[in-house]
Amino acid sequence: MQRKSLGISLMNRLSYPQKFSTIAFLFAMPLALVTYLLISEINSRIDFAQKEIYGNEYLRPLRQLREYIPQLQFLNYQRLNPDLQESDRGADLEAKIDVGFHELENTDRRLGSVLATSEKFDLIYQDWQNFKLRRRDWSRETYDVIYQRLLTDVNRLSDRVGDTSNLILDPDLDTYYLMDATLLKLPEMQKILSEIRLLSQKITLSSNATAEERAQLIALSGRLRQISRDMAANMEVGFNNNPRGNLRPRLSESLKIFNSQANQLSKNLDKLITTTAFVQYDSYVTESEQVLDASFQLWDETLAELDILLQARIDGFVGRKQSVSIFIVIILAIVIYLFLAFYRAVMRTVFVLDEAAKSMASGNLSDKITLDNRDELGQVVGAFNRIAGALVSANQEITVLNDRLKAENMRMSAELDVTRKIQQMLLPKDRELKEVNGLDIAGFMEPADEVGGDYYDVLQQDGRVKIGIGDVTGHGLESGVLMIMVQTAVRTLLAYDEPDSVRFLSAVNRAIYDNVQRMKSDKNASLALLDYEQGMLKLSGQHEEMIVVRSGGAVERFDTIDLGFPIGLDADIADFVAETIVQLHSGDVVVLYTDGITEAENMDKVLYGLERLIEAIQINRWRSASEIRHAVIDDVRSHIGEQKVFDDITLLVLKQQ
């Protein structure tokens with residue numbers, strides 16, 4: 001007799017629930033450990049990047065102090081210049097510094113425990129308060145010492161933030177060199193520029209520069225030039241290692257301007273090397289102030305881009321964590337499902353065999369139950385399967401037909417779901433809408449079916465803003481596909497920089513018309529397009545009326561019936577296309593909509609109507625575009641009540657800033 005192994009002996013002594021529970025436990029232990037380690041690693045990276053964002057948030061009020069404290073010190077000497085007829089700005093600068101300290105105090109309350117900065121902030125703030133109380137008792141030399149101490153403490157606090165917020169340890173090249181610019185290079189250059197400005201003002205007042213002062217300016221010029229070169233080289237490395245590709249187009253121009261001004265200032269300061277050269281030191285004051293302004297502008301833009309990259313990194317980690325979590329949940333669900341299914345299958349087989357044995361023992365062979373098992377237990381019931389072969393064959397045919405019907409239903413449902421998801425993916429995102437300069441934009445689209453036929457989009461290409469809204473006849477899969485075609489055609493033409501509205505709409509129409517003919521469809525679409533630039537709207541194409549509610553409440557309605565022709569109805573619509581121009585002023589609201597809003601019915605078959613829509617816009621015109629959108633949609637839903645929604649609902653709100 002063959003000796004059984006320990007594993008076989010153990011399994012033979014356990015019931016099926018015990019067997020599967022043991023195996024599931026042994027499987028779950030390493031899975032749980034790996035999942036925990038993976039999620040913990042992702043969370044640590046998220047926390048790392050989030051702490052960097054906290055550091056950037058803390059640096060913003062420090063930037064104000066770095067700008068205004070040197071200005072206040074400079075003002076003490078500027079007041080002595082008899083050639084300047086400038087009003088006393090000391091109180092204004094002190095007020096700005098107080099605001100900066102107030103913002104820094106609020107930031108420290110929220111982030112001080114995280115960044116370990118509260119103690120250093122309290123010391124700086126106390127020094128500033130003592131300065132305001134005792135400044136009348138000090139000489140100008142004492143002022144300079146106090147100013148320098150304040151600035152030194154501000155820079156030390158900035159360094160502290162860089163250390164405790166992980167900014168100095170950033171792992172990516174693009175974000176690392178942005179950090180290097182905002183935390184190290186630009187603050188150091190701003191300090192040098194402030195010293196050049198102050199020293200130049202002192203020399204201007206004394207009418208002549210000592211050899212020591214000239215040497216100081218030459219040394220400062222050399223440091224400025226070296227740091228400028230280093231920062232330019234570092235930023236170039238960051239641009240080249242920027243996977244998102246957003247840094248060069250957004251920062252290169254400001255960086256170029258700043259470097260050009262800084263290099264020009266250094267060249268002018270180099271004149272001091274020649275002792276016989278005639279030098280106007282007051283020109284250094286003006287030039288250093290210009291370079292300082294450029295440096296702070298570059299600092300602001302660089303920090304904003306750093307925040308964007310850090311947030312994108314966090315979003316990527318969050319998405320990865322969600323994917324891992326979903327994958328683990330799906331695997332566990334499948335394992336549990338298979339466990340239960342297998343257990344039920346085994347118990348069902350045992351039960352059927354028991355019933356079949358009892359039936360056969362009683363002599364009633366016609367009541368035998370057929371099992372279609374293909375595993376080892378299926379071999380046990382092979383005799384029953386052969387006896388009832390004909391019945392099994394018929395049952396299998398029915399099962400196959402049911403499976404085909406189920407598969408077809410699942411396929412059609414999947415197609416609709418994919419089309420609906422594609423529609424949602426093509427809608428403009430909030431981030432894109434916020435990037436449109438001059439307009440506050442909010443959009444809404446809700447299909448009446450799984451797939452809608454409405455279209456709206458807000459596109460930017462090389463500074464051009466193209467806004468579109470349309471409505472394909474009907475709704476459902478065919479209308480949704482046609483809507484996607486319209487969106488693709490509009491985006492393609494915008495990418496090829498077609499400025500003429502007649503050719504633009506004609507090309508969109510021709511592409512849609514050819515596809516409609518190929519599809520043998522009777523669908524067509526209304527489509528209105530708007531070109532926006534600096535408060536000017538150009539409207540073309542045929543759609544519902546465009547509503548303009550001026551900031552004072554006046555209403556203007558623009559009928560588009562003579563501005564175009566339905567898209568996809570005729571091969572050539574060039575003769576029907578026209579355009580009208582609307583000038584927008586601050587606070588003006590423009591609303592585009594589809595007939596799903598104005599023709600929305602309540603339980604009494606009463607339409608929502610255009611007048612009610614205009615009234616809702618007028619009442620809420622002082623709000624933001626998003627709030628106006630919410631107000632209108634809530635009003636439409638209130639009107640519809642329990643009634644079924646029969647048509648797609650789309651709304652686009654534009655507000656001139």
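Scanning all heavy atoms of the two residues, the minimum distance from Pro187 to Ala181 falls at CD-O, 3.6 Å. Nearest heavy atoms, Leu494 versus Phe504: N-CE1, 3.8 Å. In plain terms, the two heavy atoms of Leu427 and Tyr456 that are nearest each other are CD2-CE2, 3.6 Å. Between Arg160 and Ala116, the shortest heavy-atom contact is NE-O, 3.0 Å. The minimum heavy-atom distance linking Gln583 with Met536 is given by the pair OE1-CE, 2.9 Å. The two residues Leu224 and Met189 make their nearest non-hydrogen contact at CD1-CE, 3.7 Å.
Using a 4.5 Å heavy-atom threshold, the side chains of Val436 and Val458 count as touching. Considering only heavy atoms from C-beta on, Asp153 stays 4.5 Å or farther from Leu123 through its side chain. Val465 has its side chain out of reach of Leu459: every pair of non-hydrogen atoms, C-beta onward, lies at least 4.5 Å apart. A 4.5 Å side-chain heavy-atom check between Leu178 and Leu251 finds at least one atom pair inside the cut-off. Residues Pro70 and Tyr147 are not in side-chain contact: their nearest non-hydrogen atoms beyond the backbone lie 4.5 Å or more apart. Considering only heavy atoms from C-beta on, Phe258 stays 4.5 Å or farther from Asp293 through its side chain. Side chains of Tyr177 and Asn241 form no contact here, defined as non-hydrogen atoms less than 4.5 Å apart. By the 4.5 Å heavy-atom criterion applied to side chains, Leu104 and Leu65 are counted as neighbours.
Taking the charged nitrogens against the carboxylate oxygens, Lys202 and Asp144 do have a contact shorter than 4.0 Å, which makes a salt bridge. Comment: Arg225 does not engage Asp230 in a salt bridge, judged by the lack of any side-chain N to carboxylate O separation of less than 4.0 angstrom. Using a 4.0 Å cut-off between charged nitrogen and carboxylate oxygen, Arg244 and Asp174 do not count as a salt-bridge pair. The pair Glu67-Lys96 does not count as a salt bridge, with every side-chain nitrogen at least 4.0 angstrom from each carboxylate oxygen.
Judged by distance alone, the side chain of Glu213 and the main-chain N or O of Thr210 form a donor-acceptor pair under 3.5 Å. A donor-acceptor pair under 3.5 Å links the side-chain atoms of Lys655 to the main chain of Arg623, judged by distance alone. No donor-acceptor pair under 3.5 Å is formed between the side chain of Arg550 and the backbone N or O of Asp588. For Ser295 (side chain) and Leu292 (main-chain N/O), a donor-acceptor pair under 3.5 Å exists by modelled atom type. Put simply, the side chain of Ser158 never gets that close to the backbone of Val154: no donor and acceptor are under 3.5 Å apart. At distances below 3.5 Å, not a single donor-acceptor pair connects side-chain atoms of Glu52 with backbone N or O atoms of Ser165. No donor-acceptor pair under 3.5 Å is formed between the side chain of Ser221 and the backbone N or O of Leu217. When atom types are taken as modelled, the side chain of Ser288 and the backbone of Tyr284 share a donor-acceptor pair closer than 3.5 angstrom. Although no hydrogens or angles enter the test, the distance criterion places no donor-acceptor pair under 3.5 Å between the side chain of Asp172 and the main chain of Thr175. Thr204 places a side-chain N or O within 3.5 Å of a backbone atom of Ser200 that can act as its donor or acceptor partner.
Under the 3.5 Å distance criterion, with hydrogens and angles disregarded, a donor-acceptor pair is assigned to the side chains of Asn268 and Glu287. Gln656 and Tyr532 share a donor-acceptor pair across their side chains, judged by distance under 3.5 Å alone. With 3.5 Å as the limit, one finds no donor-acceptor pair spanning the side chains of Arg229 and Asn259. Counted by atom type alone, Arg629 and Ser626 present one or more donor-acceptor pairs between their side chains at under 3.5 Å. A donor and an acceptor atom, one from each side chain of Asp440 and Gln657, are nowhere located under 3.5 Å apart. Looking at Lys321 and Asn43, their side chains do bring a donor and an acceptor atom within 3.5 Å of each other.
In this structure, the separation between OG on Ser325 and CG on Leu38 is 8.5 Å, given to the nearest 0.5 Å. Atom CZ of Phe131 and atom CG of Leu72 lie 5.5 Å apart (nearest 0.5 Å). To the nearest 0.5 Å, atoms CE (Met179) and CG (Leu303) are separated by 12.0 Å. Rounding to the nearest 0.5 angstrom, the gap separating the CG atom in Leu169 from the NZ atom in Lys51 is 10.0 Å. Here the CG-OG1 distance, from Leu115 to Thr164, works out to 4.5 Å after rounding to the nearest 0.5 Å. The distance from atom CD of Glu195 to atom CG of Leu151, rounded to the nearest 0.5 Å, is 9.0 Å.
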Trace of the side-chain contact (heavy atoms from CB on, under 4.5 Å) decision for Leu652 with Val591: CA-CA 6 Å; Leu652 188 60; Val591 173; over 6 Å; no
- prompt: Could you walk me through whether Leu654 and Val589 pass the side-chain contact (heavy atoms from CB on, under 4.5 Å) check?
  reply: CA-CA 6 Å; Leu654 318 173; Val589 178; over 6 Å; no
- request: Go through Asp300 and Arg60 one step at a time and tell me if the salt bridge (charged side-chain N to carboxylate O under 4.0 Å, His left out) criterion holds.
  value: CA-CA 8 Å; Asp300 293 338; Arg60 283 187 168 88; over 6 Å; no
- request: Would you sort out whether Leu298 and Leu186 count as a side-chain contact (heavy atoms from CB on, under 4.5 Å), showing the intermediate values?
  value: CA-CA 9 Å; Leu298 178 60; Leu186 282 173; 4.1 Å; yes
task: Check step by step if side-chain contact (heavy atoms from CB on, under 4.5 Å) holds for Arg464 and Lys466.
output: CA-CA 6 Å; Arg464 294 181 57 200; Lys466 178 77 72 174; 4.0 Å; yes
task: Apply side-chain hydrogen bond (donor to acceptor under 3.5 Å, both in side chains) to Asp307 and Gln311, showing your working.
output: CA-CA 6 Å; Asp307 275 342; Gln311 188 59 52; over 6 Å; no
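A cation-pi geometry, defined here as NZ or CZ lying under 6.0 Å from the six-membered ring centre and within 45° of its normal, holds between Arg197 and Phe74. A cation-pi arrangement is present between Arg66 and Trp299, with the terminal nitrogen or guanidinium carbon under 6.0 Å from the aromatic centre and inside a 45° cone about the axis.
Other residues, nucleotides and ligands contribute more than 12 heavy atoms inside 6.0 Å of the CZ atom of Phe444. Around OH of Tyr125, the count of heavy atoms belonging to other residues, nucleotides or ligands within 6.0 Å does not exceed 12. By the 6.0 Å contact criterion, NZ on Lys132 is enclosed, its count of non-hydrogen atoms from other residues, nucleotides or ligands being greater than 12.
Ring geometry, Trp128 versus Phe101: the interplanar angle falls under 30°, so the pair is classed parallel (tilted spans 30 to 60°).
Residue pairs satisfying the side chain to side chain donor-acceptor pair (under 3.5 Å) criterion with at least one member in residues 100-123, sequence neighbours excluded, are listed as follows: Glu57-Arg110, Tyr58-Asp108, Tyr58-Thr117, Gln64-Glu103, His102-Asn106, Glu105-Arg109, Asp108-Thr117, Asp108-Ser118.
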